[in-house]
Asker: 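To start, I am sharing the structure in question, which I have written as structure tokens.
Side chains included, hydrogens not; waters and symmetry mates left out as well; all remaining heavy atoms used.
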Amino acid sequence: MMANSWKTVPEICADYGIKDKTFYAWADECRAYPEYRDAIICPTGKRTFVDEDKWQAFLRFMSDERRKKLLDPHLREVSS
């Protein structure tokens with residue numbers, strides 16, 4: 001692991017028990033949200049790093065969104 005909490009894609013896949021195909025699908029979704037897009041760092045076309053702290057925040061966000069979708073519509077939070 002790098003000293004700055006960045007990891008490589010293989011490290012993330014191993015640590016989170018996901019395949020690289022899953023990682024890249026989630027990374028594409030992560031880049032779609034301005035508040036999380038800087039979790040994926042691509043300094044070159046062949047090297048990708050992940051800021052693990054921001055990646056974990058994105059995963060929590062995904063989990064919260066999934067939970068909201070699964071809730072009974074009558075129990076979902078009402079947007080103001």
Asker: Is any side-chain heavy atom of Y16 closer than 4.5 Å to a side-chain heavy atom of T22?
Answerer: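 Contact flag for Y16/T22 side chains = no.
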
Asker: Can you name the nearest heavy-atom pair linking I41 to D51, along with the distance?
Answerer: CD1-N, 3.7 Å

Asker: Minimum heavy-atom separation for D53 and S5, please, with both atom names.
Answerer: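 For D53 and S5, the tightest heavy-atom pair comes out as OD2-OG, 3.4 Å.
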
Asker: If you measure from CG on D20 to OG1 on T48, what distance do you get to the nearest 0.5 Å?
Answerer: 11.0 Å

Asker: Taking the ring centre of each residue, are Y36 and W26 less than 6.0 Å apart?
Answerer: no

Asker: Tell me which pairs pass salt bridge (charged side-chain N to carboxylate O under 4.0 Å, His left out) where either residue lies in residues 33-42, with sequence neighbours left out.
Answerer: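 Applying salt bridge (charged side-chain N to carboxylate O under 4.0 Å, His left out) to every pair that reaches into residues 33-42, excluding sequence neighbours, yields D38-K54.
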
Asker: Could you check if a side-chain atom of E11 sits within less than 4.5 angstrom of a side-chain atom of F49, using non-hydrogen atoms only?
Answerer: no

Asker: Rounded to the nearest 0.5 Å, what separation is found between the CG atom of L59 and the CD atom of E52?
Answerer: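 Reported to 0.5 Å precision, the distance equals 9.5 Å.
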
Asker: Which residues pass the salt bridge (charged side-chain N to carboxylate O under 4.0 Å, His left out) test with D28, not counting sequence neighbours?
Answerer: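 With sequence neighbours excluded, D28 shows a salt bridge (charged side-chain N to carboxylate O under 4.0 Å, His left out) to R31, given in chain and number order.
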
Asker: Taking only residues two or more places apart in sequence, or in another chain, which ones meet Y33 in a ring-ring contact (aromatic ring centres under 6.0 Å, His included)?
Answerer: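 Partners of Y33 by the ring-ring contact (aromatic ring centres under 6.0 Å, His included) criterion, ordered by chain and then number, come out as F61.
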
Asker: Same cluster or not: are F58 and W6 linked, directly or through other Ile, Leu, Val, Met, Phe, Trp or Tyr residues, by side-chain heavy atoms under 4.5 angstrom apart?
Answerer: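 No; tracing contacts between hydrophobic side chains, which count when under 4.5 Å, never links both residues.
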
